[in-house]
Amino acid sequence: RAQTEDALVHRINLAQALALAAQHNPELSAADLGQQAARAQAQQQGLLPNPELAYSQEGVPSSAGRSQSLQINWPLELGGKRAARNAVAEREAELAAAKASGIRARVRTEVVHAYFALLLAQEGQRLAQSHAQLAQNAAQAVDKRVAAGKVSPVEHSRALAAQATAQAQAQAAQAALRSAQAQLAVLLGQAATTRLEAADHALESPNLAALPDLPQPPPLAALQAQLEQSPALQSAQLERARSQAQLQLARSARWPDVGLSLGVKRTADAPASRNQLLLGFSVPLPLFNRQQGALQAAVLADDQAREQARASALQAGQALLQAYGQYESARAQNQLLQTQALPAAHSAYRAAGLGFEYGKFSFLELLDAQRSYLAVQEQILQTQSQAYRALADMEALLGQPINAGLPTTSKK
């Protein structure tokens with residue numbers, strides 16, 4: 001942590017960011033609480049219905065022939081209602097757990113995206129400040145050459161315009177950095193005003209060409225084989241299992257429930273009182289409501305869940321293929337930029353600087369070489385960010401690390 005002008009800056013790497021999100025992200029906490037609530041609801045659905053104690057009195061205490069009754073009424077569920085209801089609750093608890101796993105994977109992906117957005121914003125600010133400094137130095141050099149009568153005053157005006165543009169870009173880069181800091185801080189469960197600084201290798205390397213190569217992911221076929229266990233497909237399959245349990249519950253609801261009663265009736269007749277045993281039962285007559293609408297709705301909901309599971313499988317396969325292609329493309333571009341474009345742009349910039357000092361190149365040629373060199377550096381950072389974002393997307397789809405460069409975190 002370093003003291004700044006108005007706040008503390010917290011330097012964190014990607015592994016620390018993921019660990020903080022796992023501990024403090026409010027969406028993850030809410031998902032875990034929802035999972036616990038679903039499990040408690042499953043426990044509740046497995047309980048037997050409570051019996052009912054009933055008391056009645058006929059006549060007033062002073063009248064002859066008055067009677068008092070005390071009985072217990074016990075509802076008896078038929079058709080396997082309790083087992084079906086319990087099965088629905090169990091499927092809902094499993095579905096809540098799968099959704100919580102999916103939320104963890106999604107939040108992990110969002111943290112990776114936000115982290116590399118911050119890293120890119122930091123490097124963008126550094127490059128913008130470097131650009132502004134170079135533009136200022138160039139403007140001063142042009143001013144000296146104009147004073148010496150070596151170049152036209154028009155060159156000085158161009159240099160001042162380039163300097164103003166570079167300063168404006170540096171201010172925009174600073175605003176982008178603050179926005180990226182706020183986005184990551186919120187994902188980590190911190191206040192949006194928290195000042196964060198990404199502390200991974202891109203910041204610590206003095207030479208972009210020295211950045212490590214992006215890792216080679218497992219073959220696409222191996223990742224596709226893991227897709228069946230992904231949170232999205234697991235959730236879709238559990239949705240289908242829940243709909244089937246709800247269908248069974250709707251079928252069991254067609255059976256009427258029986259009520260059994262057992263009690264005693266005491267009659268106050270002269271000259272002595274008498275006790276009588278009470279036995280009874282009750283059963284509704286399914287003349288009009290036979291749960292036919294609920295059963296039809298459950299059948300259609302089951303068909304809908306089946307189609308949604310099939311759609312989820314197709315969408316997950318397409319998303320994995322797209323993310324894999326994006327990673328391979330970004331990885332190839334990053335390697336090309338680091339091995340060929342960056343050395344060439346750096347050499348051109350140095351040659352243009354020396355040529356400008358000796359009067360062989362104009363200021364515009366120097367400025368163009370400078371912009372090209374900075375643009376290549378920014379492209380390298382962008383392709384690296386795109387590659388790691390694609391890796392995070394693949395991990396979110398699979399619901400587990402693919403051991404290709406991103407740090408792992410334990411579940412809460």
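Residues take their numbers from the sequence shown, with the count starting at 1. Below, each value reflects all heavy atoms present in this structure, side chains not excepted, and no hydrogens, waters or symmetry copies. All values derive from a computational prediction rather than experimental measurement.
Smallest separation of non-hydrogen atoms from Glu27 and Val107: OE1-CG2, 4.0 Å. The heavy-atom pair separating Ala128 from Ala170 by the smallest distance is CB-CA, 3.7 Å. The two residues Leu78 and Pro256 come nearest to each other via the heavy atoms CD1-O, 3.6 Å. For the pair Leu177 and Ala121, the tightest heavy-atom approach, listed with the atom from each and the gap, is CA-CB, 3.8 Å. The minimum heavy-atom distance linking Leu391 with Tyr327 is given by the pair CG-CE1, 3.5 Å. When all heavy atoms of Ala319 and Leu397 are compared, the closest pair comes out as C-CD1, 3.5 Å.
Formation of a donor-acceptor pair under 3.5 Å by the Thr165 side chain with backbone atoms of Ala161 is found in this model. Side chain of Thr194 to backbone of Gln190: no donor-acceptor contact under 3.5 angstrom is found. A donor-acceptor contact shorter than 3.5 Å is absent between the side chain of Gln291 and the backbone of Ala253. Side chain of Gln122 to main chain of Ala198: a donor-acceptor pair is present (N/O by atom type, distance under 3.5 Å, no hydrogens or angles). Panel note: side chain Ser243, backbone Arg240; a donor-acceptor pair is recorded below 3.5 Å. For Gln234 (side chain) and Glu228 (main-chain N/O), a donor-acceptor pair under 3.5 Å exists by modelled atom type. Looking only at distances, no side-chain donor or acceptor of Ser385 sits under 3.5 Å from a matching main-chain atom of Leu120. In this structure, Gln296 contributes its side chain and Gly293 its backbone to no donor-acceptor pair below 3.5 Å. Checking side-chain atoms of Ser101 against main-chain N and O of Ala97 turns up no donor-acceptor pair under 3.5 Å. No donor-acceptor distance shorter than 3.5 angstrom exists from the side chain of Lys99 to the backbone of Glu94, with no hydrogens or angles considered.
Other residues, nucleotides and ligands contribute at most 12 non-hydrogen atoms within 6.0 Å of the CD1 atom of Ile72.
When side chains are defined from C-beta on, Met394 counts as touching Leu223, because their heavy atoms get closer than 4.5 Å. Within the 4.5 Å cutoff, the side chain of Pro217 has heavy atoms near those of the Glu328 side chain. By the 4.5 Å heavy-atom criterion applied to side chains, Gln35 and Asp32 are counted as neighbours. Between Gln36 and Leu33 there is a side-chain heavy-atom pair separated by less than 4.5 Å. For the pair Ser69 and Val264, the minimum side-chain heavy-atom distance is 4.5 Å or more. For the pair Thr109/Glu395, no side-chain contact is recorded, criterion being any heavy-atom separation below 4.5 Å from C-beta on. Side-chain contact check for Val112 versus Leu14: some heavy-atom pair is nearer than 4.5 Å. Inter-residue side-chain proximity for Lys265 and Asn275 is flagged as unmet; no heavy-atom pair is nearer than 4.5 Å.
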CA sep, side-chain torsions, deciding dist, call: Leu233, Ser230, side-chain contact (heavy atoms from CB on, under 4.5 Å): CA-CA 5 Å; Leu233 295 191; Ser230 67; 3.4 Å; yes
Criterion side-chain contact (heavy atoms from CB on, under 4.5 Å) on Arg178 and Arg195, from CA distance to verdict: CA-CA 8 Å; Arg178 292 294 178 89; Arg195 299 284 298 278; 3.7 Å; yes
Derivation of the side-chain contact (heavy atoms from CB on, under 4.5 Å) call for Ile12 and Glu197: CA-CA 6 Å; Ile12 59 173; Glu197 181 177 316; over 6 Å; no
Intermediate values then yes/no, salt bridge (charged side-chain N to carboxylate O under 4.0 Å, His left out), Glu90 and Arg39: CA-CA 7 Å; Glu90 286 291 335; Arg39 178 52 58 187; 3.0 Å; yes
Audit row: Ile103, Leu28, side-chain contact (heavy atoms from CB on, under 4.5 Å) steps and yes/no: CA-CA 7 Å; Ile103 291 174; Leu28 291 182; 3.9 Å; yes
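Judged as a ring pair (Phe, Tyr, Trp, His ring centres under 6.0 Å), and not counting sequence neighbours, the contacts of Tyr349 are Tyr373.
Under the 3.5 Å distance criterion, with hydrogens and angles disregarded, a donor-acceptor pair is assigned to the side chains of Gln216 and Arg331. For the residue pair Tyr324 / Gln326, no side-chain donor-acceptor distance below 3.5 Å is found, with atom types taken as modelled. Looking only at atom types and distance, the side chain of Gln248 has no donor-acceptor partner in the side chain of Ser252 under 3.5 Å away.
Between the CG atom in Leu118 and the NE2 atom in His113 there is a gap of 14.5 Å [rounded to 0.5 Å]. Atom CZ in Arg290 sits 10.5 Å away from atom CZ in Arg254 (nearest 0.5 Å). Between the CD atom of Gln171 and the CD atom of Gln129 there is a distance of 11.0 Å, given to the nearest 0.5 Å. Rounding to the nearest 0.5 Å gives a distance of 10.5 Å between CD of Gln71 and CG of Leu277. Annotation: the span from Gln318 atom CD to Leu320 atom CG amounts to 10.0 Å, rounded to 0.5 Å. In this structure, Gln224 CD and Leu227 CG are separated by 7.5 Å, a value rounded to the nearest 0.5 Å.
When the options Leu342, Leu336, Asn334 are evaluated for a side-chain contact (heavy atoms from CB on, under 4.5 Å) with Gln338, the one that passes is Asn334. When Leu187, Asn25, Leu20 are each tested for a side-chain contact (heavy atoms from CB on, under 4.5 Å) with Val111, only one passes: Leu187.
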Under 3.5 Å, sequence neighbours excluded: what are the donor-acceptor pairs made by side chains of residues 40-50?
residue : atom : partner : partner atom : Å
Gln45   : OE1  : Arg85   : NE           : 3.0

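Applying the side chain to side chain donor-acceptor pair (under 3.5 Å) definition to pairs two or more places apart or across chains, those involving residues 303-313 are Asp303-Arg306, Glu307-Arg310.
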